[in-house]
Structures are given as structure tokens and as C-alpha cells.
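Source: prediction; values computed, not measured. Ligands are counted one by one from 1 in listed order, and the atoms in each one are counted from 1 as well.
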Amino acid sequence: MKLVKLIANLGYGSRKDVTQLFRAGRITDADGEVLYADDVVPYESIRVDDEPLDPPPGLTLMMNKPLGVTCSRKDPGRVVYDLLPPRYNVRSPALSSVGRLDRDTSGLLLFTDDGALLHRIISPKVQVTKVYEATLAQDLRGDEGELFASGSLLLESETEPLAPAVLEVLGPRHARLSVTEGRYHQVRRMFAATGNHVETLQRISIGALALGGLPLGEWRTLDAAEVAEIFAS
Ligand code: URA
């Protein structure tokens, strides 16, 4: 791909803007030699204003989503995309969140510009396990684990029962729930079906990829081994 197009696709501006950057000598190699639009150089050696280029397409990252931000592009309030560098929101191919977390759910949220990867993660056929920790308004009854594991729990206004899910009790009002589906408000509706109410909800892992110590509101890119962890159980 021509350098102008490659750099424009990374969100550095229109092709016209990037042509201007070349003309102004702001695009160089690692030794500071000015590059021209037709040059063929390794990706890693390209600099814009002395800074290495953003990661190439094939970008996947994880965020520790805070409360109060929406997984949407056009919500009038704060959206998860506002937490990424502005350039990441005008890349082509576009970087999208992998599924969604509710505004009032925190925790592990993935983003990728790889459409095939995105579909593989959310595909019901692949059954990637998502683990959530919930605090509840009322004490657990004691029969929730059995009900969630049964594969016969039908959520309100749905016709297909939920796939079996695993409940781990962490305290009287504190539980960890592992699910393989991604239905609308699934975890909240599962506890609602037992007469309870989720007060706080956090996603802590997707497959074998855990949130770890990533601070709330922060994000980092994933390498290939970490992407592979999503599909390891
Ligand atoms: N289940 C929910 O209820 N909310 C989320 O954000 C994710 C899973």
C-alpha cells in the first residue's frame, strides 16, 4: 500500500493532509531522513514528527471500562471511544468494541479492527466464557447455582432457554458467574429471574484473558499470545 494511504488510514488525516505532512518534511525514517510518498520502507522505521506510527491494522486492545460510559459511538454522554486516542476513532478499518457492556457495568472490554476476530469472539458457536462478579441487593437463596446450570432458565420475553452457566458464591450477596452467551443485560436478568437485583457488576475475564491489574479507565494493546488466550479456557 502507498505510504500516503497507509498513514491516512491510521487516522493521521485525509490523504491531502498526509500529502501536506510529506511536503512539510514531517514524515521521516528512524534516522530522521525525510521520506517521500513513493518510498518503500519498513513500517517500524516510519516516524511522524519523530514519533513511531500507531500500530498497524490488526489492532486489538483491552480496556478496563469504568462505570458511566456507554459502548456506543453516538450516545450524547461519555462513550468508551472517548477513552481512546482520537486518532484510533478515525482509523480504517474501524476499531470497534467487541460486544457491549452496560453503562453501569465496569471491567474487561475488548476492541478490535479485525472483523473476523470480532465475530469469532462473539459467535455463539465458539462459546467463549465471560466471567462477571456481581454484588446483589439481597442474600442469595441457595438454589441459583442449580437453576443457572440447568440450561432451562428462560429469561422474560425470550423463547430460547439460556445455556448452562456456572455460579460461584463468594459471599451472601457476592457471586461470580461464568456465561458463554452475550444476551441483552444477561447477568442482571438472570439474577432478576431469581427475585434478586444486581447492584454492581464487573467483567473480570474473557476466555483465559483476565483484566489483571489494568487500572479503571485505562487500555492497552494485546499481542498475538494474549489474543490467543481469549480462545483458551
Ligand atoms: N450482563 C449484563 O447484565 N450487563 C452487562 O453489561 C454484561 C452482561
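One distance of note links CG of Leu118 with CZ of Arg120; it measures 12.0 Å at 0.5 Å rounding.
A side-chain donor-acceptor contact under 3.5 Å links Gln20 and Arg23. For the residue pair Thr200 / Thr135, a side-chain donor-acceptor distance below 3.5 Å is found, with atom types taken as modelled. Checked by atom type, the side-chain pair Ser106/Arg203 shows no donor-acceptor distance below 3.5 Å.
Considering backbone and side-chain N/O of Val187, one or more are found under 3.5 Å from N/O of ligand 1. Any N or O atom pair closer than 3.5 Å counts here, and Arg100 shares no such pair with ligand 1.
At a heavy-atom distance under 4.0 Å, only side-chain atoms of Leu201, from C-beta outward, approach ligand 1.
Residue Asp102 has at least one heavy-atom neighbour below 4.0 Å for each of these atoms of ligand 1: 2 (C), 3 (O), 4 (N), 5 (C), 6 (O). Short contacts between ligand 1 and Thr105, defined as distances under 4.0 Å to a heavy atom of the residue, involve ligand atoms 4 (N), 5 (C), 6 (O).
Using 4.0 Å as the threshold, Tyr132 has a heavy atom nearer than that to some atom of ligand 1.
With a 4.5 Å cut-off on side-chain heavy atoms, Leu147 and Thr194 count as touching.
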